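Heads up, the thing below is written out as structure tokens.
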Amino acid sequence: MKKELIKKSYDLAKEQYASLGVDTDLVIKEMEKVNISLHCWQTDDVGGYEKPGAELGGGGIQVTGNFPGKAKTIEQMRADLDKVMSLLPGKQRLNLHAIYGEFGGKQVDRDKIEVKHFQGWINWAKKRGMGLDFNCTCFSHPLADDGFTLSSKNERIRKFWVEHTKRCRLIAAEMGKQLGTPSVHNIWIPDGSKDTPVDRNGLRKHLKKSLDEVFAVKYPKKYLKDSVESKLFGIGSEAMVVGSHDFYLGYAIKNNILITLDNGHFHPTEQVGDKVSSILHFVDEVLLHLTRGIRWDSDHVLTFNEELVLIAQEIVRCKALGRVYVGLDFFDASLNRIGAYVIGTRAAQMAFMYALLEPHKTLLKLEEQVKGFERLALLELLKSKPFGAVWDYYCLLSKVPVAEEYIEEIGKYEKDVLLKR
Ligand code: RNT
Ligand code: ZN
């Protein structure tokens with residue numbers, strides 16, 4: 001698109017929004033506060049680099065598809081991440097899983113990982129001025145095959161995962177220390193059962209004990225933020241998930257840590273957007289895993305849909321941008337992974353921009369005057385306001401491809417890089 005056209009469209013959009021009392025220049029400035037944490041696992045279908053050709057194995061999550069070009073080495077992954085970032089406005093963070101360490105071809109089991117395996121990533125991030133977030137990997141491992149990790153009643157297994165998770169927190173704290181921005185460490189475990197268990201309580205008791213052991217080591221919050229992620233059900237954990245929302249919300253509030261809200265982890269009629277203004281009264285901060293659920297399944301490429309918009313709107317309406325860490329969580333191997341990455345991340349950014357462009361005061365006034373029709377009409381009218389012109393201009397200012405230009409860029413990368421792997 002021609003620069004003059006983008007600018008001209010923006011000027012007209014600016015006038016339209018101004019007539020509603022919204023300052024678009026200010027909104028563009030506010031977008032600086034939206035730092036999305038890129039989930040590294042979108043580049044390789046959650047395989048990791050513990051051994052060559054590793055694949056996601058079990059644990060309530062699955063990847064389907066075999067689109068060519070998946071990153072098979074850390075170098076390829078880094079090239080993909082650089083490509084993705086070159087197509088995104090704003091500033092991002094990177095979210096790593098423990099299976100993505102640099103193990104130098106050696107077999108390093110999860111209870112043996114150290115900071116040195118991630119120093120390369122820390123250096124890589126430092127060069128780019130990025131923050132790092134981290135995750136213990138309590139799946140794709142023989143000791144996760146029984147379906148229980150931190151909640152296991154087998155003491156050897158439970159201790160193994162406690163040790164792994166402790167080490168992951170230490171690594172994350174070091175990331176935060178070296179990079180000067182706290183690293184958010186997220187705990188998600190696949191623990192649950194396919195059929196009706198009789199000792200839900202015992203399993204939850206074990207999980208609580210494990211978490212207490214893991215969190216017994218304290219780190220300054222300026223280095224490390226801890227978070228726990230619930231799930232309603234997964235493949236193989238249809239009947240019960242040990243780390244349910246009730247369990248983790250209680251744990252997070254009691255222990256003053258963060259809660260992770262993955263919007264693919266709730267009943268389809270539940271809205272994560274609606275949870276924000278409840279939870280933020282009781283926890284200081286929240287981590288999001290933005291994704292798109294389809295029917296019963298999660299982890300589809302994020303798109304700019306009503307569910308996502310509500311999440312962004314509620315955060316903005318609560319003035320809580322500074323209290324929410326925005327992570328992504330989708331993995332689809334059936335289409336160009338870089339393309340999927342950019343679509344999903346841009347969708348998240350667009351949702352926040354859309355939310356920031358809301359004439360909140362006006363809407364609030366209508367609501368307080370019990371003018372339901374007028375409120376709904378304005379919300380509907382906002383959907384056809386020239387939001388895209390503001391978004392395009394933001395991309396232009398950020399010196400990244402505007403509108404459909406990124407499709408062509410990714411096509412080139414597919415031909416020149418991905419298909420040659
Ligand atoms: C799984 C959870 C979890 C994972 C990542 C890979 O259901 O959403 O966050 O997707 O840790
Ligand atoms: Zn998640």
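Read the numbers this way: they start at 1 and go in the same order the structure lists the ligands and their atoms. The analysis underlying the following values was restricted to heavy atoms, covering all of them including side chains, and did not include hydrogens, waters or symmetry mates. Since we're looking at a predicted model, the values are computed, not measured.
- The local environment of NZ in Lys29 is sparse, with at most 12 non-hydrogen atoms from other residues, nucleotides or ligands closer than 6.0 Å.
- Nearest to atom 11 (O) of ligand 1 among the protein's heavy atoms is His97 NE2, 2.7 Å.
- Of the possible donor and acceptor atoms, one in the side chain of Asp133 sits under 3.5 Å from a partner among the backbone N and O of Val184.
- Looking only at side-chain heavy atoms (C-beta outward), Arg346 and Phe304 stay at 4.5 Å or farther from each other.
- Atoms of ligand 1 found under 4.0 Å from any heavy atom of His289 (numbered from 1 in listed order, with element): 9 (O).
- Around the CD atom of Gln107, the shell of radius 6.0 Å holds no more than 12 heavy atoms that belong to other residues, nucleotides or ligands.
- Note on the Zn ion (ligand 2): protein N/O/S atoms under 2.8 Å are Glu229 OE2, Asp262 OD2, His289 ND1, Asp329 OD2.
- Closest to atom 8 (O) of ligand 1 among all protein heavy atoms lies Asp329 OD2, 2.7 Å.
- Heavy atoms from other residues, nucleotides or ligands lying under 6.0 Å from CG of Asn66 number 12 at most.
- Residue-environment remark: CD (Glu114) exceeds the threshold of 12 foreign heavy atoms within 6.0 Å.
- Scanning the protein for heavy atoms near atom 9 (O) of ligand 1, the closest one is Glu229 OE1, 2.7 Å.
- At a 3.5 angstrom cut-off on N or O pairs, Asp262 counts as close to ligand 1.
- Under a 4.0 Å N-O distance rule, the pair Lys208/Asp212 qualifies as a salt bridge.
- More than 12 heavy atoms of other residues, nucleotides or ligands lie within 6.0 Å of CD in Glu102, so this atom counts as buried by the packing criterion.
- Residues Val241 and Phe247 fail the side-chain proximity criterion, which asks for heavy atoms closer than 4.5 Å.
- The 12-atom threshold is not exceeded at NZ of Lys177, counting heavy atoms of other residues, nucleotides or ligands nearer than 6.0 Å.
- The protein non-hydrogen atom at the shortest distance from atom 7 (O) of ligand 1 is Lys231 NZ, 2.7 Å.
- Taking atom 1 (C) of ligand 1 as the reference point, the nearest protein heavy-atom neighbour is Ile61 CG2, 3.3 Å.
- Counting heavy atoms closer than 4.0 Å to ligand 1, residue His265 contributes side-chain atoms (C-beta onward) but none from N, CA, C or O.
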